[in-house]
There are 2 protein chains.
Amino acid sequence: MRIGELAERTGVPRRLLRYYEEQRLITPSRASNGYREYTGSHVDIVLQIKGLLDAGLPTRIIQQLLPCLDKSQTIYVPNVTPEMIATLQREQVRLSERIECLTRNRDAIADYLDTVLSVRSANTESMATSCEKV
Amino acid sequence: MRIGELAERTGVPRRLLRYYEEQRLITPSRASNGYREYTGSHVDIVLQIKGLLDAGLPTRIIQQLLPCLDKSQTIYVPNVTPEMIATLQREQVRLSERIECLTRNRDAIADYLDTVLSVRSANTESMATSCEKV
DNA sequence: CTTGACCTTCACATCAATGTGAGTGTTCAA
DNA sequence: TTGAACACTCACATTGATGTGAAGGTCAAG
């Protein structure tokens, strides 16, 4: 498929698909007329990239992770240097930290919403809605 | 305490502490000489901000979350508009999505590392370390 | 064969999060 | 009382992820 279809199927603008390519995250082949040609698995990869970017990882790291995360095929171990392993382990720790932080805050929001909503439902009558202390 | 001490205690550079203030994430008081004055709880808040920023949330969102996440005091419900509640619920969903994405990828990395490390330990002898298919 | 909808590259703009430095005022200790 | 260490504001630079538009090539349908 061409870039327009991939953009539509992933929700990622064309501009960014070209950017990902520039960052060496994806390497579509080219048709004889110079158009980029994407395969079906590019859809999954782009969605994964999107998720990782949205999760706060920079392209530089994603570039290193991608070869390891490609679920759809057998796992390859390309150039498995000790540095690569160390990078992955560091990134694993960072991901765990992020997850912990996000979870903590999500739960705090949940608690907050619980409190607020229960208070609001308790006061069905007219009552000032600002600065209630709980 | 002044900005230097806060910077040291949080690991966040002075420049960013001023930036957080500019973004209305923290509002230190001022001494008579114009110096910013921070309290002990600012340490926690700054660490929280740091975590959220690092987790990929923009200051604009953090600004809305902070009043709800301040654990150290009784929960206030400042201007609890329906829009605010909607924002929080949206953000809660987004956090869950991020958490899910990060978890998936962290686990994938873990799997990958498990595989790689077990393969490597199996081949204690001299063996090419590049492009082994598993 | 032209028109419209694609595609290409190139390049400049923007936004958020940071870095960095200039120029100046304040505090504190030797 | 002077110098080091810290604070202030202002302002420009940079980096990464994006937006946007210009100038032009490709192709299918009318």
Side-chain angles (χ1 to χ4, degrees), chain A residues 1-39 42-43 45-66 87 91 94 97-98 101-102, chain B residues 1-39 42-43 45-66 91 94 97-98 101-102 105:
Chain A
M1 86 194 71
R2 290 179 308 190
I3 201 171
E5 187 181 344
L6 184 60
E8 195 169 353
R9 281 169 67 171
T10 59
V12 173
R14 291 149 228 255
R15 172 67 176 89
L16 283 192
L17 293 175
R18 299 198 184 100
Y19 176 67
Y20 296 166
E21 181 178 350
E22 191 184 312
Q23 300 300 308
R24 304 170 166 277
L25 303 184
I26 43 179
T27 43
S29 56
R30 296 294 180 126
S32 54
N33 55 8
Y35 288 11
R36 290 167 177 83
E37 268 300 334
Y38 300 92
T39 72
H42 278 118
V43 175
I45 297 179
V46 167
L47 288 176
Q48 180 133 33
I49 293 171
K50 183 186 184 182
L52 289 169
L53 273 179
D54 196 56
L57 302 200
T59 54
R60 166 180 32 93
I61 298 294
I62 297 177
Q63 185 193 332
Q64 299 198 278
L65 297 190
L66 275 186
T87 298
E91 210 51 38
R94 292 194 52 193
E97 285 169 1
R98 275 167 205 257
C101 175
L102 289 176
Chain B
M1 85 194 72
R2 290 181 306 189
I3 201 172
E5 187 180 345
L6 183 60
E8 192 167 355
R9 282 168 66 172
T10 59
V12 174
R14 292 149 229 254
R15 173 68 178 87
L16 282 193
L17 293 175
R18 299 195 184 101
Y19 175 67
Y20 295 167
E21 181 179 350
E22 192 184 311
Q23 301 298 307
R24 304 170 167 275
L25 303 184
I26 44 179
T27 44
S29 56
R30 294 295 180 125
S32 53
N33 55 10
Y35 287 11
R36 289 167 178 84
E37 268 301 333
Y38 300 91
T39 72
H42 278 116
V43 175
I45 297 179
V46 167
L47 288 177
Q48 181 134 33
I49 294 172
K50 183 185 182 182
L52 288 169
L53 273 180
D54 196 54
L57 303 200
T59 54
R60 166 181 33 92
I61 298 294
I62 298 177
Q63 185 193 331
Q64 300 198 277
L65 297 190
L66 275 186
E91 210 51 39
R94 293 194 51 194
E97 285 169 359
R98 273 169 205 261
C101 173
L102 288 177
N105 285 296

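Residue numbers start from 1 in every chain, and the chains themselves are labelled A, B, ... in the order their sequence lines are given, proteins ahead of strands.
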For atom CD of A:Glu5, decide whether the heavy atoms of other residues, nucleotides or ligands shown that lie under 6.0 angstrom number more than 12. yes

The contact string for nucleotides 2-8 of chain C, one letter per nucleotide 5' to 3', using protein heavy atoms under 4.0 Å with B, S and - for base, sugar-phosphate only and none, comes out as ----BSB

How does each nucleotide of nucleotides 14-21 of chain D score, in 5' to 3' order, for protein heavy atoms under 4.0 Å: base (B), sugar-phosphate only (S), or none (-)? --SBBBB-

Rounded to the nearest 0.5 angstrom, the CG-CG distance for A:Leu25 and A:Leu17 is 11.0 Å

B:Glu91 side, atom CD; B:Gln64 side, atom CD - distance, nearest 0.5 Å: 8.0 Å

Mind checking whether [X] and [Y] have side chains closer than 4.5 Å, heavy atoms only?
X       : Y       : answer
B:Arg36 : B:Arg2  : no
A:Ile62 : A:Gln23 : no
B:Tyr38 : B:Ile26 : yes

Should the pair A:Glu21-A:Arg30 be classified as a salt bridge under the 4.0 Å nitrogen-to-oxygen rule? yes

Find the distance B:Met1:CE to D:dC6:C1' and express it as a whole number of Å. 16 Å

For B:Arg15, give me all partners under side-chain contact (heavy atoms from CB on, under 4.5 Å), at least two apart in sequence or on another chain. B:Tyr19

